[in-house]
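Model, not experiment: these values are computed from the prediction. Chain A is the first sequence line, chain B the second, and so forth, proteins listed ahead of strands; every chain is numbered from 1.
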Number of protein chains: 2
Amino acid sequence: MKNSQLYKGSLNTIILKLLEEKGRMYGYEITQKVKEITNGELAITEGALYPALHKLEAEGFLEAEVEKVDNRLRKYYKLTENGQLETANRLSELEEFIRNMQTLVHPKWSY
Amino acid sequence: MKNSQLYKGSLNTIILKLLEEKGRMYGYEITQKVKEITNGELAITEGALYPALHKLEAEGFLEAEVEKVDNRLRKYYKLTENGQLETANRLSELEEFIRNMQTLVHPKWSY
DNA sequence: CAAATATACCTAAGATTCTTATACATAAAA
DNA sequence: TTTTATGTATAAGAATCTTAGGTATATTTG
C-alpha cells in the first residue's frame, strides 16, 4: 500500500469487497485489480497484502485453495459465511467513514 | 481515534483542514469539533492528538501560542505558510482517496 | 540466446500511527 | 464531596504498513 497514509487501515476492507464481487481471487490478482480500478494510483505492496490475507484466513473470514496454473502456484481465496457478514459490516463502516470525511472537506457546520 | 481502523492515517489531514477553516484552535477544541461534526462517531484520543500536533509543529506546518483562559492553559495552533501548502496537498490526496474508495464500493468495472 | 520483466508466493526488520493507561491541574456540576 | 468537564502531556504496547529481501517459473525483449 503506497502513496498517501490515508490508505492505512483500508486494506482489509478492500480485500473483502473485491472477494465479494469476484467470488474468488488470488493475491497477485488483487494487486493488479486494485491498480486497475485506481488508475495506477494505489499499489498494494506484497509485504502488506500477504500478511493481511493470512490474518483474514486465520480469523475465519477467508478460506484458501491452492491451484497450479501454467506450472505456477496460485492461492485462491474466497469469503466464508462469517466473511460475508464481516464484509457487510466493513462496508457500512467505510460508507460512514466516507460520509464523515466528506463532511470535513465540504463543511456544513457553522462558525 | 477510535472506532473503525479506517481513520488510521487521516488524523493529520483532519487537524490541518480544521485549522484551515477555523484559523486557530487548541487541542481539546479539536477533539470536541470532530465529535460534533461526526455526530459522536469519531472520538480522537488524546494519546493520538497531542503527539500529532507536536509532530506537525516540528515539521513546520503549525505554530503554537499558549494562552491562559479561566485560569487554565490553552495551546492555540495555527497553520504556517508551509502548513497551508501542505493542507492543500493533503486535501487533494483525501479527495482522491475518497474517489478511489467509492469506486471500490460502487464498482464501475466489468467482470 | 541472454537478460529483463511479469507472474506468483512468502517473511522479517523497522517505521509510523494509533490505543490504552497514566499523570497533573482547575472549574463546574451532581 | 465526589464526579464530570476542561486542558495538556507522555509512555508502553498493538496494529498496520514499507522496505528489503528470498524463491521459482514464464514470457518478452534486445
Side-chain angles (χ1 to χ4, degrees), chain A residues 1-16 24-36 40-59 61-62 64-77 90 93-94 97 101, chain B residues 1-16 24-36 40-59 61-62 64-77 90 93-94 97 101:
Chain A
M1 193 99 65
K2 274 210 175 68
N3 323 313
S4 160
Q5 294 281 11
L6 292 167
Y7 292 92
K8 217 164 200 162
S10 61
L11 177 55
N12 286 321
T13 304
I14 292 173
I15 292 171
L16 292 173
R24 209 170 102 97
M25 293 181 89
Y26 56 99
Y28 187 76
E29 188 185 6
I30 293 176
T31 66
Q32 300 309 302
K33 196 70 191 170
V34 168
K35 221 181 273 177
E36 180 192 329
E41 277 170 24
L42 179 51
I44 296 182
T45 60
E46 301 160 6
L49 177 68
Y50 290 112
L53 286 172
H54 300 162
K55 195 182 175 219
L56 286 170
E57 190 185 4
E59 289 169 329
F61 299 136
L62 302 185
E65 210 174 10
V66 176
E67 268 181 45
K68 201 160 198 174
V69 180
D70 289 335
N71 203 34
R72 271 182 302 215
L73 288 182
R74 284 182 186 174
K75 200 163 169 187
Y76 278 96
Y77 290 91
R90 302 279 188 124
E93 282 179 4
L94 176 57
F97 170 70
M101 294 306 279
Chain B
M1 193 97 66
K2 276 209 174 69
N3 323 314
S4 161
Q5 294 278 11
L6 292 167
Y7 292 94
K8 216 162 203 165
S10 60
L11 178 55
N12 286 322
T13 304
I14 292 173
I15 292 171
L16 292 172
R24 208 171 104 96
M25 294 180 90
Y26 56 99
Y28 187 76
E29 189 185 6
I30 293 176
T31 66
Q32 301 308 302
K33 197 71 191 168
V34 168
K35 224 181 271 180
E36 181 193 329
E41 277 170 23
L42 179 52
I44 296 182
T45 61
E46 302 158 5
L49 178 67
Y50 290 112
L53 286 172
H54 300 162
K55 192 180 178 222
L56 286 170
E57 190 184 4
E59 289 169 329
F61 300 136
L62 303 185
E65 209 174 9
V66 175
E67 267 181 44
K68 200 161 197 173
V69 180
D70 288 335
N71 206 33
R72 272 181 302 214
L73 288 182
R74 284 183 187 172
K75 201 163 169 185
Y76 279 96
Y77 290 91
R90 301 278 188 127
E93 282 179 5
L94 176 57
F97 170 69
M101 293 308 276

For the side chain of A:E46 and the base of C:dA8, is some donor closer than 3.5 Å to an acceptor across the two?
-> no
Less than 3.5 Å between a donor and an acceptor, one on the side chain of B:Q5 and one on the base of C:dC18, is that the case here?
-> no
Roughly, in whole Å, what's the span from [atom1] in [X] to [atom2] in [N]?
X     : N      : atom1 : atom2 : value
B:Y77 : D:dT8  : OH    : C1'   : 9 Å
B:L49 : C:dT20 : CG    : P     : 16 Å
B:K8  : D:dG13 : NZ    : P     : 17 Å
B:L11 : D:dT16 : CG    : P     : 17 Å
A:L6  : D:dT16 : CG    : C1'   : 14 Å
A:D70 : C:dA8  : CG    : C1'   : 11 Å
B:L73 : D:dA5  : CG    : P     : 21 Å
B:K33 : D:dG7  : NZ    : P     : 14 Å

First encountered from the 5' end of DNA chain D, between B:P51 and B:Y28 | B:Y28
Taking for each residue the nucleotide of DNA chain D bearing the nearest heavy atom, is the 5' side occupied by B:E29 or by A:K55?
-> B:E29
Can you label the angle between the B:Y50 ring and the B:H54 ring as parallel, tilted or perpendicular, going by 30° and 60°?
-> tilted
Output the single nucleotide from D:dG7, D:dC17, C:dA27 whose closest atom is nearest the side chain of B:Y50.
-> D:dG7
In terms of side-chain heavy atoms of B:R74, which of D:dG7, D:dC17, C:dC9 is nearest?
-> D:dG7
Would you say [X] places a side-chain N or O within less than 4.0 Å of OP1 or OP2 belonging to [N]?
X     : N      : answer
A:H54 : C:dT11 : yes
A:K75 : C:dC10 : yes
B:Y26 : D:dT8  : no

B:R24 and B:E65 ion-paired at < 4.0 Å | yes
Would you call A:E36 and A:K33 a salt bridge, taking side-chain N to carboxylate O under 4.0 Å as the test?
-> yes
Which is true for A:R72 with a 4.0 Å heavy-atom rule: it touches a base, it touches only sugar-phosphate, or it touches nothing?
-> base
Assign B:G27 to base, sugar-phosphate, or nothing according to its heavy-atom contacts below 4.0 angstrom with the strands shown.
-> sugar-phosphate
Spatial distance of atom CD (B:E41) from atom CZ (A:F97) [nearest 0.5 Å] | 12.0 Å
The single option from B:N12, B:L11, B:I15 passing side chain to side chain contact (heavy atoms under 4.5 Å, CB included) against B:L53 = B:I15
